[in-house]
Amino acid sequence: MRVSKLVSKTLREVPADADNISHRLMVRAGLIHQLVAGVYSYLPLGWRSLRKIENIIRNEMDKAGGQEINMPVLHPAELWGDRMSDIRFTLFDRRERKLTLGPTHEEVVTSLAARYVRSYRDLPLNLYQIQVKFRDEPRPRGGLIRAREFSMKDAYTFDVDEAGLDVAYDKVFQAYQNIFTRCGLDVMVVEADSGAIGGKDSREFILTTPAGEDEVIFCPACDYAANAEKASSVKEKIDGGKPLPLETVATPGMKSIEEVAGFLKVPPSRTLKAVFYIADGTFVFGVIRGDLTVNETKLRNQLHCADLRLATEEEVIAAGIVPGSASAVGLKGIRVIADDSVSSGVNFVAGGNKPDTHLKNVNYPRDFKVDIVADIARAVAGEKCIKCGGKLSSTRGIEVAHIFKLGTIYSTKLGANFLDEKGESHPIVMGCYGLGPSRLLAAAVEQHNDDKGIIWPVSIAPYHVYLCPLPREGSKVTEVAEKLYQDLQAAGIEVLFDDRAESPGVKFNDADLIGLPFRITVSPRTLEKDAVELKKRTEKDPQIVPLSEIISKLKALI
RNA sequence: CGGGGUGUAGCGCAGCUGGUUUAGCGCGCAGCGUUUGGGACGCUGAGGUCGGAGGUUCAAAUCCUCUCACCCCGACCA
């Protein structure tokens with residue numbers, strides 16, 4: 001391709017709308033163009049990279065036994081009910097029938113399986129598609145990282161039993177590892193919460209970058225890694241001696257854990273904190289050790305609620321609770337959930353349920369009752385690993401894939417059953433595997449760049465080589481470069497040929513911005529030696545390569 | 001949904017506080033010439049519903065009201 005004919009132009013100035021690195025670079029290099037919030041056109045360079053990513057995915061999914069299909073974007077709204085209603089785009093056809101643009105395809109694929117799978121002989125089955133998805137995100141951001149229209153590879157496996165699902169899951173897991181390796185991307189596998197889709201053994205593939213939306217807690221000493229939504233850590237026992245009798249103490253004006261702990265000269269870990277939530281409209285009283293914080297995802301899962309938010313001060317007071325001095329001691333008629341850290345020590349300080357009053361020597365379960373005891377604490381870096389006791393670290397990243405075992409949630413709901421050898425009917429056991437090519441594209445740029453521009457991994461670069469002639473009047477640079485352009489293409493090397501009459505600085509800067517893995521410069525200077533200059537985008541210094549060797553040299557590198 | 005911000009040429013911005021007839025600047029774009037190893041220079045030129053609607057006024061990019069879009073923080077989110 002000739003740069004002079006390329007529809008997109010590079011931008012010198014950073015577009016005002018672009019916030020993060022990948023978004024800025026993708027717009028500046030002319031990979032994408034925004035139409036409305038969270039919706040983008042792919043320009044030739046961006047589209048080529050996206051297709052390369054998709055083809056790697058296709059290839060690995062096929063190797064894992066997948067069959068590619070293509071399901072509709074337009075779905076009847078009845079298929080969805082209330083599920084994901086908050087982020088679905090809905091529309092009406094001419095008969096006023098309500099339709100929805102598919103945000104994911106569990107229902108559609110399951111109804112497909114219900115029609116075509118009859119017998120255990122039809123299983124196992126792995127169906128996948130690479131399809132556009134629509135989600136009306138509360139806040140699209142970061143260019144392609146969180147878009148409202150985006151590409152997704154979603155795969156679904158169908159098996160006769162859990163053991164079959166385990167095999168299918170492992171195959172896709174391996175395929176994903178291969179995909180990220182082939183794309184040249186550093187991706188971390190972490191335990192995750194399965195969220196709105198449901199299911200178990202949920203794993204996310206997180207591409208690590210400071211710009212990521214997700215926080216990962218991991219152990220450098222072993223293989224433990226989990227999304228912060230899911231991560232657990234050791235809650236160390238706090239030695240408080242033998243249980244002592246309850247004691248009331250005056251704590252004038254002391255409300256926060258810091259104030260109370262400081263006033264009574266105990267560490268925050270010797271206190272119990274009360275937190276108040278509204279779960280699906282119902283008031284919930286939470287208890288957790290004073291030095292810990294509630295993880296709302298874990299809390300939501302324990303309460304099995306759809307909607308969870310902090311209670312307002314008015315709601316707390318209306319529930320008969322004294323903010324700043326609340327505890328579960330003597331509490332009646334309110335649902336109480338406690339973090340298991342309430343058992344990690346004795347003689348805690350807790351609220352006295354009267355203004356300016358706290359209790360000392362509070363012990364669970366001696367002094368208060370709870371409805372649920374579970375791990376609802378947020379794990380943070382520095383705490384101990386639950387697997388090996390090592391010191392946990394944290395990092396940020398972008399979720400580029402998510403896989404989980406659905407089981408029979410959808411097959412039961414949609415009547416996708418099969419007959420076993422004995423003629424008995426069972427729901428199909430399903431797995432579900434998402435991977436976002438468009439997000440991956442942005443994430444790749446986010447991870448591979450410098451202050452000059454993008455640094456593409458070879459496998460997903462829009463072209464392999466940036467051919468950059470620097471002609472001078474009376475030289476043969478142009479004709480040598482034209483011939484090299486033809487020869488490189490004939491050798492199967494993908495070339496972007498900068499045939500513009502621009503100054504060297506402009507060409508070099510555009511080459512760096514677009515970030516192809518190799519740059520070949522042809523100039524009077526190199527032609528004196530019957531050579532060209534080869535520069536890797538990852539390296540600072542170029543090398544001189546004889547014209548006769550450049551093609552074989554490049555072929556070896558690509 | 002809460003908080004904040006921005007809409008003026010393809011891109012980046014100034015002008016708005018304190019209303020004035022031809023709305024500027026840089027980049028980019030077109031033409032000509034000079035340049036050519038890290039974002040060159042000169043000259044000429046094209047390009048604008050000042051986001052939209054309504055209002056105040058002799059007069060509105062500028063003041064007022066409404067509205068739309070986009071961005072950021074938060075909430076939320078496979």
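Just so it is clear: chains get the letters A, B, ... in the order the sequence lines come, proteins before strands, and each one is counted from 1.
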Select one nucleotide: of B:rC76, B:rG37, B:rC71, the one nearest the side-chain heavy atoms of A:F508.
-> B:rG37

For the side chain of A:T526, starting at C-beta, report the closest nucleotide among B:rG37, B:rC70, B:rG39.
-> B:rG37

Provide the Watson-Crick or G-U wobble partner of B:rA75, both distances under 3.5 Å; none if there is no partner.
-> none

A:E473, CD atom: more than 12 neighbouring heavy atoms under 6.0 Å | no

RNA chain B: 5'-proximal contact among A:L308 and A:Q34 (nearest heavy atom) | A:Q34

Closest non-hydrogen atoms of A:A29 and A:L45, given as atom of the first, atom of the second and distance, are O-CD1, 3.8 Å

Look at the side chain of A:R28 and the base of B:rG39, then say whether one donor and one acceptor between them are separated by less than 3.5 Å.
-> yes

Whichever of A:E204 and A:K535 has the more 5' nearest nucleotide on RNA chain B, that residue is A:K535

Indicate yes or no for a side-chain donor-acceptor contact from A:D510 to the backbone of A:L513 under 3.5 Å, with no hydrogens or angles considered.
-> no

Both distances under 3.5 Å, Watson-Crick or G-U wobble: report the partner of B:rA40, or none.
-> B:rU34

Taking the side chain of A:P504 as heavy atoms from C-beta outward, which of B:rG37, B:rG74, B:rG39 is closest to it?
-> B:rG37

Verify whether the ring centers belonging to A:Y40 and A:H23 lie closer than 6.0 Å.
-> yes

Between A:F285 and A:F276, does the ring centroid distance fall short of 6.0 Å?
-> yes

Base paired to B:rC29 (Watson-Crick or G-U; both N/O distances under 3.5 angstrom) | B:rG45

Would you mind checking if A:R141 and A:E213 are paired as a salt bridge, meaning a charged N to carboxylate O distance below 4.0 Å?
-> yes

Heavy atoms under 4.0 Å, any strand shown: does A:D86 hit a base, just sugar-phosphate, or nothing?
-> nothing

Any N or O donor-acceptor pair linking the side chain of A:R519 to the base of B:rG38 at under 3.5 Å?
-> yes

Sort me out a list of protein N/O and nucleotides 44-46 of chain B N/O pairs below 3.5 Å, or just none if empty.
none

What string of B, S and - do you get for nucleotides 2-15 of chain B, 5' to 3', when a contact is any protein heavy atom under 4.0 Å?
-> ---------BSS--

Could you check which of B:rG37, B:rC77, B:rA40 has an atom nearest any side-chain atom of A:S503?
-> B:rA40

What nucleotide, of B:rG38, B:rC70, B:rC76, holds the atom closest to the side chain of A:E296?
-> B:rC76

Looking at the rings of A:F205 and A:F173, which for Trp means the six-membered one, are their centres under 6.0 Å apart?
-> yes

Which ones in residues 142-151 of chain A lie close to RNA chain B, meaning a heavy atom under 4.0 Å from one of its atoms?
-> A:R146

